[in-house]
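Worksheet: the structure to be examined is printed underneath.
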Amino acid sequence: MEDTSPNEIATSAPAEAQVEPAQTISVANSRPEIAPDGDTDQLKITMGDFEGPLDLLLYLIRQEQVNIYDIPIARITDEYLRYLNLMQELDLTVAGDFLVMAAQLIELKSRMLLPRDPLAVEEEILDPRAELVDRLLEHEKFKAAAEMLWSRATVEQAVFKRAEIETDKNNPEVTVGLFDLLRVFQEILARQKEEILLEIEREEVSMAEMIDRLRNMVRSAGEVNLKTFFERSKSRRELVVAFLSVLELVRMSEIALVQSETFGAIMARTVGAEGQEI
Amino acid sequence: MSKAAKATEIEIETEVEVELQSPADEIEGVREIGDAELKAIAEAMIFVADEPVSAKTIADVIKVDRTAIEKALGDLVLEYDARNSGLQLREIAAGWQIATRPEHHEQIRAYLKSRPSAKLSLASLETLAVIAYKQPVTVPEILEIRGVQSPSAIKTLLDKRLIVAKGRKETVGRPMMYGTSKDFLIQFGLKDLSELPSIEDFQDLAGGSES
Amino acid sequence: MSKAAKATEIEIETEVEVELQSPADEIEGVREIGDAELKAIAEAMIFVADEPVSAKTIADVIKVDRTAIEKALGDLVLEYDARNSGLQLREIAAGWQIATRPEHHEQIRAYLKSRPSAKLSLASLETLAVIAYKQPVTVPEILEIRGVQSPSAIKTLLDKRLIVAKGRKETVGRPMMYGTSKDFLIQFGLKDLSELPSIEDFQDLAGGSES
């Protein structure tokens with residue numbers, strides 16, 4: 001089933017959609033709903049945020065009023081793909097999880113079509129849907145558990161503890177968990193990085209230093225690409241100083257600027273034997 | 001002091017088997033404390049505590065037997081109930097706490113001018129439910145059950161201190177395992193995890209009976 | 001009954017908005033409140049208040065006559081005294097408050113001092129984090145990383161037995177190196193240091209949220 005690529009599903013889905021009657025579609029942040037729209041025979045579809053493919057499947061199973069222990073896979077798969085298609089039409093991002101489930105459903109659908117081994121004993125035939133049903137039931141159990149937690153939290157919110165008293169303040173400490181260590185450590189590292197950056201910025205290069213730097217570079221290398229020289233500047237201010245120092249050395253005829261071709265690199269050279277200038 | 005005299009009379013039964021974990025030399029100053037005083041001290045201690053206090057902690061501090069404290073607390077609970085107090089003494093997160101009764105939440109809220117704080121999203125609650133029932137559990141395992149990626153829900157739960165890391169699983173990639181925290185018990189009003197209804201109890205809701 | 005119908009029931013409940021509406025406007029209608037309830041609400045209100053509450057304030061919130069509140073509070077004071085509570089309801093200049101009784105100050109103080117050491121100040125926590133992730137590490141190195149002196153934090157951590165000395169570093173001044181202790185592992189529920197969450201664990205959680 002892993003071989004079924006999401007693309008195949010995407011291409012098969014529109015075909016399904018064409019069979020559908022005209023629809024009014026509205027996207028709401030609620031649970032999805034398909035309901036007759038007033039007295040027209042159009043269907044009104046409200047798309048919701050599904051928590052995941054299992055959620056969508058459970059919803060479809062309820063919507064179609066089918067027995068979860070005997071899911072009509074072909075029908076549910078079609079419905080499922082229609083939904084994915086709708087999501088895509090609405091430019092909702094269809095998460096990978098939904099596509100994986102689509103692939104599994106299609107695979108299941110084809111397995112349901114295979115003739116059963118006539119030699120197999122009735123009890124030994126494993127329903128191909130069994131695994132999916134188990135997952136759905138498991139998922140629904142946890143949804144119910146989440147609901148239980150929700151109501152517990154609601155009751156708990158009606159219970160109040162005393163306000164802070166003096167002795168609490170004697171103990172202005174934070175409870176520490178394992179992830180607090182990591183979080184705090186990362187904060188420290190981030191702070192450290194920030195400080196280093198600040199230091200670099202504060203380290204301002206004077207005009208005299210910049211002139212020295214350029215002079216040394218040109219002398220030791222014979223020529224320096226100005227682009228490289230300017231790129232060494234760590235701040236806008238430094239860049240300005242670098243630019244001014246080039247002008248200054250040109251003015252003092254210590255260096256010459258050479259450009260061998262139009263739009264080519266501009267090189268700073270010592271003014272020596274050749275002495276060409278631009 | 002008259003109180004000390006009173007205490008001596010009742011003393012004998014409270015002191016039975018002083019089994020303290022603390023070093024022997026600390027038992028030296030075992031004081032004689034009567035039942036009524038024990039109850040009063042336990043109540044005061046729970047009041048000043050900024051989080052639930054266990055009977056053991058109280059017993060260790062006043063240097064009496066833990067069962068004596070447990071009895072005192074049981075009596076206190078009955079007293080609070082009997083006098084229809086606006087407060088309740090209750091066991092939560094393996095400790096004891098004094099809190100208001102839910103019945104009066106409207107007036108309390110009106111006084112505090114507070115609204116119920118925003119609760120968790122459904123996604124976070126479902127992830128929390130999986131963690132609560134399957135702990136210790138790794139992110140891939142949660143994904144398997146929920147059928148959907150839950151990293152941001154897990155981060156939310158960690159930030160809210162409802163879950164904690166519980167070591168690594170000795171499997172490929174050694175993923176971090178998660179479980180619920182003490183704050184989880186407090187925020188959901190649980191004494192301990194065994195108070196959670198069994199996940200199988202939700203079976204009926206999920207599958208419905210075969211009929 | 002059909003499964004689908006049952007399922008629909010669950011659906012509706014799950015859908016409940018995860019935020020309660022403010023109850024404030026529901027209180028509007030003056031309710032009939034009996035004497036016992038009045039006492040209970042007044043007690044609860046004083047309990048949650050972060051400063052002494054006047055009878056008038058309570059009366060205004062529950063919308064009853066102030067003399068009724070005053071009577072209720074008077075009764076409550078007698079009740080607290082009668083049952084030898086560890087707490088007292090008392091009126092001070094600014095209003096009413098619940099407090100511990102002076103008789104038990106010694107034990108209360110002992111309790112406050114004994115409070116669990118799982119709590120750390122931010123400075124100590126930062127220092128501990130650096131030591132945990134950079135161990136063995138010297139004080140100058142910690143200073144370098146944190147950018148702040150941490151001598152008292154080191155002492156706190158040593159006192160709480162969360163860190164231990166790990167010998168001296170063979171460098172100028174031979175500073176002491178520190179690392180985390182066995183108690184550290186126990187307190188944070190770690191089998192060994194490899195179970196410390198890594199930056200990757202954190203990034204796994206932060207990234208890729210979709211549904």
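Proteins come first, then strands; the chains are lettered A, B, ... in the order of their sequence lines, and each starts at number 1.
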Exercise for review: Decide side chain to side chain contact (heavy atoms under 4.5 Å, CB included) for B:M177 and B:V137; before the verdict, give the C-alpha distance in whole Å, the side-chain angles of both, and the deciding distance to 0.1 Å.
Suggested key: CA-CA 5 Å; B:M177 297 187 289; B:V137 64; over 6 Å; no

**Study point:** Ion pair check, B:E126 and B:R146, cut-off under 4.0 Å
**Key:** yes

Study note, to complete from the structure: Residues of residues 45-55 of chain C with a heavy atom under 4.5 Å from any heavy atom of chain B, in residue-number order, are C:M45, C:F47, C:V48, C:A49, C:V53

Check your understanding: Does B:R168 come within less than 4.0 Å of C:E195, counting only side-chain N to carboxylate O?
Key -> no

Revision key, fill the gap. By ring-ring contact (aromatic ring centres under 6.0 Å, His included), C:Y80 pairs with (sequence neighbours left out) none

Point to revise | Cationic N near anionic O, under 4.0 Å, B:K39 to B:E43 | key: no

Review point. Quick one: what part of B:Q88 sits under 4.5 Å from any heavy atom of chain C, side chain, backbone, both or neither?
Key: neither

Point to revise | B:Y133: ring-ring contact (aromatic ring centres under 6.0 Å, His included) partners, not counting sequence neighbours | key: none

Review point. Between C:I98, C:T57, C:D192, which has the largest tally of heavy atom pairs under 4.5 Å with chain B?
Key: C:I98

**Study point:** Residue part contacting chain B, namely of C:S194, when any heavy atom lies under 4.5 Å
**Key:** both

**Study point:** B:D81/B:R101 salt bridge by N-O under 4.0 Å criterion
**Key:** yes

Review point. Which bit of C:L87 is near chain B, if near means a heavy-atom gap under 4.5 Å: side chain, backbone, both or neither?
Key: both

Practice item. Mind checking salt bridge (charged side-chain N to carboxylate O under 4.0 Å, His left out) for C:R90 and listing every partner two or more places apart, or none if nothing turns up? Key: none

Check your understanding: For B:V164, is it the side chain, the backbone, both, or neither that has a heavy atom closer than 4.5 Å to a heavy atom of chain C?
Key -> neither

Check your understanding: Top residue by heavy-atom pair count (under 4.5 Å) with chain B, among C:G86, C:A42, C:A36, C:P197?
Key -> C:G86

Study note, to complete from the structure: Interface check, chain C: of B:K166, B:R83, B:M176, B:K113, most non-hydrogen pairs under 4.5 Å belong to B:R83

Check your understanding: Atom CD1 of C:I41 and atom NE2 of B:H104: how far apart are they, to the nearest 0.5 Å?
Key -> 5.0 Å

Revision key, fill the gap. Ranking C:A44, C:A99, C:A110 by heavy-atom pairs under 4.5 Å to chain B gives rank one to C:A44

Check your understanding: Does the side chain of B:F184 come within less than 4.5 Å of B:I131's, by heavy atoms?
Key -> no

Check your understanding: Checking C:K191 against chain B: side chain, backbone, both or neither under 4.5 Å from a heavy atom?
Key -> side chain

